[in-house]
2 protein chains.
Amino acid sequence: MFKKAKQSRVFQDVVEQIQNAILSGKLSPGTKLPPERELKDMFNTSRGTLREALRVLEQKGLIEIKLGVSGGAIVKRIDTEPIAESLALLIRSGEVSLEHISEFRIKIEGSLVELAAQRATKKDIRELETLYNKAKAYYKEHDWENFLKTDEEMHTYIGIMTRNPVFQFVQKSIHDNIHKYYEEYLPMNKKRTLENLTDFKRLLDAMRINDGKAASRIIMDHVKRFNNKMQEKLKGKT
Amino acid sequence: MFKKAKQSRVFQDVVEQIQNAILSGKLSPGTKLPPERELKDMFNTSRGTLREALRVLEQKGLIEIKLGVSGGAIVKRIDTEPIAESLALLIRSGEVSLEHISEFRIKIEGSLVELAAQRATKKDIRELETLYNKAKAYYKEHDWENFLKTDEEMHTYIGIMTRNPVFQFVQKSIHDNIHKYYEEYLPMNKKRTLENLTDFKRLLDAMRINDGKAASRIIMDHVKRFNNKMQEKLKGKT
DNA sequence: CCCTATATAATGGTTAAACCATTCGACGTT
DNA sequence: AACGTCGAATGGTTTAACCATTATATAGGG
């Protein structure tokens with residue numbers, strides 16, 4: 001029924017005041033907060049307590065703290081990093097397995113691509129074509145590292161095409177956490193790279209005619225296939 | 001290419017040591033850490049620095065700190081709370097709108113219900129039937145508050161039926177953040193409650209025959225309809 | 001004997017003042 | 001103009017003391 005009455009923790013009050021100032025826009029990204037020795041006086045508290053508040057704000061991803069003269073707490077643009085970090089904790093704690101993540105990713109990426117295809121503009125298609133040609137060139141040069149980088153760019157751009165930041169955030173959080181597995185257990189070679197490129201070509205064609213359902217099928221199939229490959233490798237190792 | 005070399009922040013080292021101990025299972029949930037005055041000696045640091053580390057761990061949701069004698073830092077079971085909190089920041093900062101969330105929710109809940117239907121056991125169906133009958137009783141008594149509570153229980157149980165914690169986590173994070181909107185802008189009445197109950201009956205029937213696609217259609221339609229109602233109310237207010 | 005009120009001590013929360021470490025910029029030297 | 005040196009601003013750390021909260025022990029009353 002009722003919430004626990006506010007605890008008497010001074011640093012919490014400081015956190016809330018600064019957080020509210022940031023969220024309400026009174027402090028915009030890039031703004032530098034006054035030095036600790038001034039802030040402590042403004043909040044009428046001690047430096048130790050003030051620093052505990054700054055530690056919390058830093059952990060929340062609201063500020064960044066730099067050292068040295070002209071250093072200090074700088075207001076950050078809010079991003080997906082804290083979410084990705086919390087998700088990483090869940091994974092490392094064993095609460096969720098790689099298979100759980102993969103299953104989720106297949107569904108999410110399916111929905112995401114469907115939306116992107118439905119909303120694709122001519123400009124989007126041109127952008128994807130540019131990326132596709134870039135990837136193709138790297139493939140011909142056998143430059144797997146840059147190929148992968150371009151592949152990442154394509155996924156990111158498709159996220160942008162949804163025009164929905166939630167999908168972008170979730171995809172990034174998942175990718176950040178799953179990436180190290182792929183790097184370790186699924187090194188790129190000529191065959192796999194070509195397969196990747198071919199899948200992307202099919203996806204691009206579906207996007208061109210705004211066929212969301214087809215695009216969704218293509219990416220889900222793609223993710224499933226590459227995921228299976230990795231699961232096999234994983235089993236082989238253990 | 002390279003990562004920034006490790007900064008020389010003592011409290012970060014303390015955070016990592018304790019975090020690793022928790023994640024590796026050396027410290028299990030419920031365990032109480034030694035008092036600050038002992039920990040500070042174990043890490044050979046000052047109390048202020050140690051407390052900054054504890055603040056970070058608390059914010060990460062890894063420990064909980066209690067006051068008074070026999071108080072102290074207690075290892076928490078990792079859950080979805082920090083993710084929900086970070087998501088709340090993204091919403092409050094204006095980076096994501098209610099419509100963005102709703103669109104995402106429609107897709108997620110569709111996938112989630114599809115999985116749940118495919119994996120539904122006879123025990124699951126019995127459990128859902130019990131919940132359905134409970135909701136029906138509250139409907140007949142015009143007890144909207146308990147009806148909503150039971151509705152929430154049904155959604156949670158369907159999450160469990162996926163057997164995938166990622167879906168459970170995401171659904172909870174989204175629901176925690178969207179709930180206050182629904183409470184404020186979409187109060188329950190007889191007509192809406194009956195509509196809700198009818199939708200759930202249809203969902204239950206689809207689950208009974210493990211028809212994932214049908215279940216998915218039903219829930220997506222349900223979420224869309226209730227979301228539209230709320231969007232209208234929202235527009236009316238502004 | 002049991003219940004309640006009070007006292008005690010353990011523990012987190014806060015304060016103060018000093019010193020250390022890092023970094024940027026000014027200034028001077030070549 | 002390029003480079004090196006030095007000083008000051010700022011975050012990071014330490015110490016020592018005191019305050020606030022709360023579980024438990026103790027004492028008193030019924």
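So you know, we letter chains A, B, ... as the sequences are listed, proteins then strands, and number each from 1.
Distance, A:Asp41 CG to C:dT15 P: 12 Å, rounded to whole Å. Put simply, CD on B:Glu36 is 11 Å from P on C:dT14, counting in whole angstrom units. Taking atom CG on B:Asp13 and atom C1' on D:dT13, their separation rounds to 14 Å, with Å as the unit. What separates CD1 of A:Ile74 from C1' of C:dC24 is a distance of 13 Å, to the nearest Å. Atom CZ of A:Phe11 is separated from atom P of C:dT15 by 12 Å (rounded to the nearest Å). Computed from coordinates, the A:Gln12 CD to C:dG12 C1' distance equals 14 Å when rounded to whole Å. Rounded to an integer number of Å, the gap from B:Leu54 CG to C:dT11 P is 14 Å. Going from atom CD of B:Glu52 over to atom P of C:dT14 covers 13 Å, rounded to whole Å.
Note on A:Glu129 versus A:Arg126: no salt bridge recorded, every NZ/NE/NH1/NH2 to OD/OE distance being 4.0 Å or above. A salt bridge does not link A:Glu64 to A:Lys76: none of the charged nitrogens lies less than 4.0 Å from a carboxylate oxygen. A salt bridge links A:Lys134 and A:Glu153; the closest N-O separation between the charged side-chain nitrogens and carboxylate oxygens is under 4.0 Å. Using a cutoff of 4.0 Å between basic side-chain nitrogens and carboxylate oxygens, A:Asp143 and A:Lys149 are not scored as salt-bridged.
Comparing atom distances between the A:Arg9 side chain and each of C:dG13, C:dT14, D:dA23 picks out C:dG13 as nearest. Of the candidate nucleotides D:dG11, C:dG13, D:dT14, D:dG11 has the atom nearest to the side chain of A:Arg51. Listed nucleotides C:dA10, C:dT15, D:dG12 differ in distance to A:Ile65; the shortest reach to its side chain belongs to D:dG12. Listed nucleotides: D:dT14, C:dT14, D:dA9. Nearest to the side chain of A:Val69: D:dA9.
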Between the protein and nucleotides 18-21 of chain C, list every N/O to N/O distance that falls short of 3.5 Å.
residue : atom : partner : partner atom : Å
C:dA18  : N6   : A:Arg47 : NH1          : 3.4

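Residues that satisfy the side chain to side chain contact (heavy atoms under 4.5 Å, CB included) test with B:Thr162, not counting sequence neighbours, are B:Leu112, B:Leu115, B:Ala116, B:Asn164, B:Phe167, B:Gln168.
For the atom pair CD (A:Glu16) and CG (A:Leu57), the distance works out to 10.0 Å, reported to the nearest 0.5 Å.
Judged by the 6.0 Å distance and 45° axis criteria, B:Lys136 is not positioned over the aromatic ring of B:Tyr139.
Look at B:Ser70 and you won't find any side-chain N or O under 4.0 angstrom from OP1 or OP2 of D:dT22. Phosphate contact (OP1/OP2 of D:dT14, side-chain N/O of B:Thr49, threshold under 4.0 Å): present.
Of the two residues contacting DNA chain D, namely A:Pro35 and B:Gly48, the nearest-nucleotide position lying further toward the 5' end is that of A:Pro35.
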